[in-house]
Engineer: 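Below is a structure I'd like to ask you about.
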Amino acid sequence: MKIIKATDITPEQIVSQRDVAYVSVEESVKKVLNDVSERGDAALREYELRFDGVQIDDFAVTAEEIDAAVAAVGAEYIGILKRAAANIERFHRAQIRSDFSMNYDGITVGERFIPVQSAGLYVPGGTARYPSSVLMNCVPAKLAGVQNIIICTPPSKDGRIPDGILAAAKVAGADKVYKVGGAQAIAAMAYGTESIPKVDKIVGPGNVYVATAKKLVQGICGIDMIAGPSEILVIADETANADWLAADLLSQAEHDKLASAIMITDSEALATAVSAAVEKRLEKLPRREIAAESIKNNGKIIITESIMQAAELSDRIAPEHLELAVARPEKLLEQIKNAGSVFLGHYTPEATGDYMAGTNHTLPTGGTARFSSPLGVDDFIKKTQFIKMSREALENYYRDIAAFAESEGLNAHAESVKARFESND
């Protein structure tokens, strides 16, 4: 990995891969969205054959297929899924909010938290499959009270959905799974087709086509976020283990050639050791071609003068995943303002959050942790306010309301309160 001194690089250069000029896919995605909205299932079948290389007659996965998948993965794997789901539920249950109301001056105001009625969960395919994403998306939706939860995910060449994904859907309580991926899946969930129902909100990560489709349908339905390539940033001091850090950096590099793996340290000796350990581990990694390309293009080790300077640099980058591999991680956490999910200490690799810890692994990328949050129960909730004023309360406030409205030139607003207390004459 490249080793660079912090004085020789800017935060903008560190994350330059975010600005890579992709060939624009927006126009082609628009065509897919429009086609699916107009022709429904017929368009879906054509796109599945073109993009995924499979002829799909019935998009819906049957109960028999799900039962067969559960049997195929075996009891041990089902046990792992159930333990992960239990931890995810435990963490996300704390996010559930309660309706509230308050009274003052004869006014009652309040807020109700109401789940969206339906949610569509996109589970990506491609070079890897993600049963974990099924749990991360579905469990908080169930806790929020969503009544209809569907999953769209790309089928394999044989027209099947991987057993692990179907088993996770069963454990998490999804209502239906459909064999469709890519921008066409987002279109199906946004507009509805003969087979796939329209949903109120679409969540889940995907490739650039999926992300662009989500961006374009926002407003027709809700979306969680527009996720980009995966990122890990590790802040490490001399107490860290170089080989462990190398493994952690590669855990994100293996996702995607566009993924980024960055380490910031105040130790030149550690930087050198980690760089060597990454190269050694790459030789044995099954997904080494993907990981090596990611490390080559987007991997960096940055040397700062202090760990506090490392924290400041991290906040400017606002990474998706942030590991604090330092002697006093809790103390350093107090300085962190911008990160999707933070992993504390030498025994908390990023993979703990991907699978078993219970926190969500659908996280803001591309610096959006400056203003965005991990997926959670709130993503499936909408709020409704309510107000009730007594006659006495309105009489007390109506002159102020009328004056305020008239100052904005909205005389009908003013009249709507004055009419209750002043004669038309």
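All values below were derived from every heavy atom in this structure, side-chain atoms included, with hydrogens, water molecules and symmetry-related copies excluded. Treat the numbers as computed from the prediction; the structure is a model and nothing was measured.
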Engineer: Around atom CZ of Phe421, are there more than 12 heavy atoms of other residues, nucleotides or ligands at under 6.0 Å?
Structural biologist: yes

Engineer: Looking at Gly376, is its backbone amide N or carbonyl O close enough to the side chain of Asp379 to form a donor-acceptor pair, meaning the two atoms are under 3.5 Å apart?
Structural biologist: yes

Engineer: Taking Thr265 for its side chain and Ala236 for its backbone only, find out whether a donor-acceptor pair lies under 3.5 Å.
Structural biologist: yes

Engineer: Under the salt bridge (Lys or Arg N to Asp or Glu O under 4.0 Å) criterion, do Lys214 and Asp224 qualify, and how do the steps go?
Structural biologist: CA-CA 9 Å; Lys214 287 173 67 178; Asp224 54 344; 2.7 Å; yes

Engineer: Between Glu46 and Arg50, does at least one N-O distance fall below 4.0 Å, as a salt bridge requires?
Structural biologist: no

Engineer: Can you give me the closest heavy-atom contact between Pro155 and Ile161, atom names plus distance?
Structural biologist: CA-CD1, 3.8 Å

Engineer: Determine whether Gln309 and Ser306 satisfy the following criterion, side chain to side chain donor-acceptor pair (under 3.5 Å), listing intermediate values before the conclusion.
Structural biologist: CA-CA 5 Å; Gln309 185 187 2; Ser306 69; 4.7 Å; no

Engineer: For the pair Tyr122 (side chain) and Gly182 (backbone), establish whether a donor and an acceptor sit closer than 3.5 Å, ignoring hydrogens and angles.
Structural biologist: yes

Engineer: Look at atom NZ of Lys82 and say whether more than 12 heavy atoms of other residues, nucleotides or ligands are closer to it than 6.0 Å.
Structural biologist: no

Engineer: Quick one: CD1 on Ile151 to OG1 on Thr153, what's the gap to the nearest 0.5 Å?
Structural biologist: 8.0 Å

Engineer: Just wondering, more than 12 heavy atoms not from Arg39 lying within 6.0 Å of its CZ?
Structural biologist: yes

Engineer: Would you give the length of the straight line joining atom CZ of Arg328 to atom CG of Leu344, rounded to the nearest 0.5 angstrom?
Structural biologist: 13.5 Å

Engineer: Take atom NZ of Lys201 as the centre, draw a 6.0 Å sphere, and report whether it contains more than 12 heavy atoms from other residues, nucleotides or ligands.
Structural biologist: yes

Engineer: So does Glu350 get a backbone contact from the side chain of Glu323, meaning a donor-acceptor N/O pair under 3.5 Å?
Structural biologist: yes

Engineer: Counting distance only, does the side-chain N/O of Gln147 pair as donor-acceptor with the main-chain N or O of Gly145 below 3.5 Å?
Structural biologist: yes

Engineer: Looking at Glu89 and Val139, would you say the former's side chain and the latter's main chain have a donor-acceptor pair under 3.5 Å?
Structural biologist: no

Engineer: Locate the shortest heavy-atom distance separating Val326 from Leu332; write the atom from each residue and the value.
Structural biologist: CG2-CD2, 4.0 Å

Engineer: From Leu33 CG over to Glu26 CD, what is the distance, rounded to the nearest 0.5 angstrom?
Structural biologist: 9.5 Å

Engineer: Hey, what's the ring geometry for His321 with Phe343, parallel, tilted or perpendicular (30° and 60° as the breaks)?
Structural biologist: tilted

Engineer: Keeping the roles fixed (side chain from Ser294, backbone from Ile290), state whether a donor-acceptor pair exists under 3.5 Å.
Structural biologist: no

Engineer: Output the distance between atom NZ (Lys2) and atom CD1 (Ile9), rounded to the nearest 0.5 Å.
Structural biologist: 8.5 Å

Engineer: Using the side chain to side chain donor-acceptor pair (under 3.5 Å) rule, take Ser133 and His361 through it: C-alpha gap first, then chi angles, then the decisive distance, then the call.
Structural biologist: CA-CA 8 Å; Ser133 289; His361 78 197; 3.1 Å; yes

Engineer: Answer yes or no: is there a side-chain heavy-atom contact under 4.5 Å between Ser314 and Pro319?
Structural biologist: yes

Engineer: Heavy-atom count around Gln55 CD within 6.0 Å, excluding the residue itself: above 12?
Structural biologist: yes

Engineer: Report yes or no: does Asp248 contribute a side-chain atom to a donor-acceptor pair with the main-chain N or O of Pro349 at less than 3.5 Å?
Structural biologist: no

Engineer: For Ile107 and Ala393, work out which heavy atoms get closest and say how close.
Structural biologist: CG1-CB, 4.0 Å

Engineer: Check the pair Arg97 / Glu111 against salt bridge (Lys or Arg N to Asp or Glu O under 4.0 Å), numbers first and verdict last.
Structural biologist: CA-CA 10 Å; Arg97 300 206 234 176; Glu111 199 162 60; 5.4 Å; no

Engineer: Scan side-chain atoms only and decide if Asn411 and Glu415 contain a donor-acceptor pair under the 3.5 Å cut-off.
Structural biologist: no

Engineer: Has the side chain of Asp41 got a donor or acceptor atom that lies under 3.5 Å from a matching backbone atom of Ser195?
Structural biologist: yes

Engineer: Go through the steps to decide whether Ile401 and Leu394 satisfy the test side-chain contact (heavy atoms from CB on, under 4.5 Å), and finish with yes or no.
Structural biologist: CA-CA 9 Å; Ile401 296 170; Leu394 184 58; 4.2 Å; yes

Engineer: If you count heavy atoms of other groups shown closer than 6.0 angstrom to NE2 of His346, is the number above 12?
Structural biologist: yes

Engineer: Kindly determine whether Asp354 and Ser132 satisfy side chain to side chain donor-acceptor pair (under 3.5 Å), including the steps that lead there.
Structural biologist: CA-CA 7 Å; Asp354 276 349; Ser132 56; over 6 Å; no

Engineer: Test Met1 against Leu249 for side-chain contact (heavy atoms from CB on, under 4.5 Å), laying out the working first.
Structural biologist: CA-CA 10 Å; Met1 289 181 73; Leu249 292 166; 3.8 Å; yes

Engineer: Walk me through it: do Glu27 and Lys30 pass the test salt bridge (Lys or Arg N to Asp or Glu O under 4.0 Å)?
Structural biologist: CA-CA 5 Å; Glu27 287 305 312; Lys30 280 181 181 178; 3.7 Å; yes

Engineer: Got a sec: does the CZ of Phe51 have more than 12 other heavy atoms crowding it under 6.0 Å?
Structural biologist: yes

Engineer: Evaluate side chain to side chain donor-acceptor pair (under 3.5 Å) for Glu231 paired with Thr365, printing each intermediate quantity in order.
Structural biologist: CA-CA 7 Å; Glu231 309 159 354; Thr365 63; 4.8 Å; no

Engineer: Are more than 12 heavy atoms from other residues, nucleotides or ligands located less than 6.0 Å from atom OH of Tyr347?
Structural biologist: no

Engineer: Can you find a heavy atom in the side chain of Leu44 that is under 4.5 Å from one in the side chain of Ile196?
Structural biologist: yes

Engineer: Would the distance check show the side chain of Asp175 and the main-chain N or O of Ile149 forming a donor-acceptor pair, the cut-off being under 3.5 Å?
Structural biologist: yes

Engineer: Shortest non-hydrogen contact from Pro154 to Gly181?
Structural biologist: CG-CA, 3.8 Å

Engineer: Report the distance from atom OG of Ser156 to atom NZ of Lys179, rounding to the nearest 0.5 Å.
Structural biologist: 10.0 Å

Engineer: Please report the closest heavy-atom contact between Val73 and Ala167, naming both atoms and the distance.
Structural biologist: CG2-CB, 3.9 Å

Engineer: Rounded to the nearest 0.5 Å, how far does CD1 of Ile262 lie from CG of Leu322?
Structural biologist: 11.0 Å

Engineer: Return the minimal non-hydrogen interatomic distance between Thr304 and Leu313, and the atom names on each side.
Structural biologist: CG2-CD2, 4.4 Å

Engineer: Kindly determine whether Phe59 and Thr193 satisfy side-chain contact (heavy atoms from CB on, under 4.5 Å), including the steps that lead there.
Structural biologist: CA-CA 11 Å; Phe59 293 103; Thr193 73; 5.9 Å; no

Engineer: Checking Val109 against Gln385 for the side-chain contact (heavy atoms from CB on, under 4.5 Å) test, could you report, in this order, the C-alpha distance in whole Å, the side-chain angles of both residues, the deciding distance, and whether it holds?
Structural biologist: CA-CA 7 Å; Val109 294; Gln385 301 174 160; over 6 Å; no

Engineer: Any side-chain donor paired with an acceptor under 3.5 Å for Tyr77 and Asp163?
Structural biologist: no

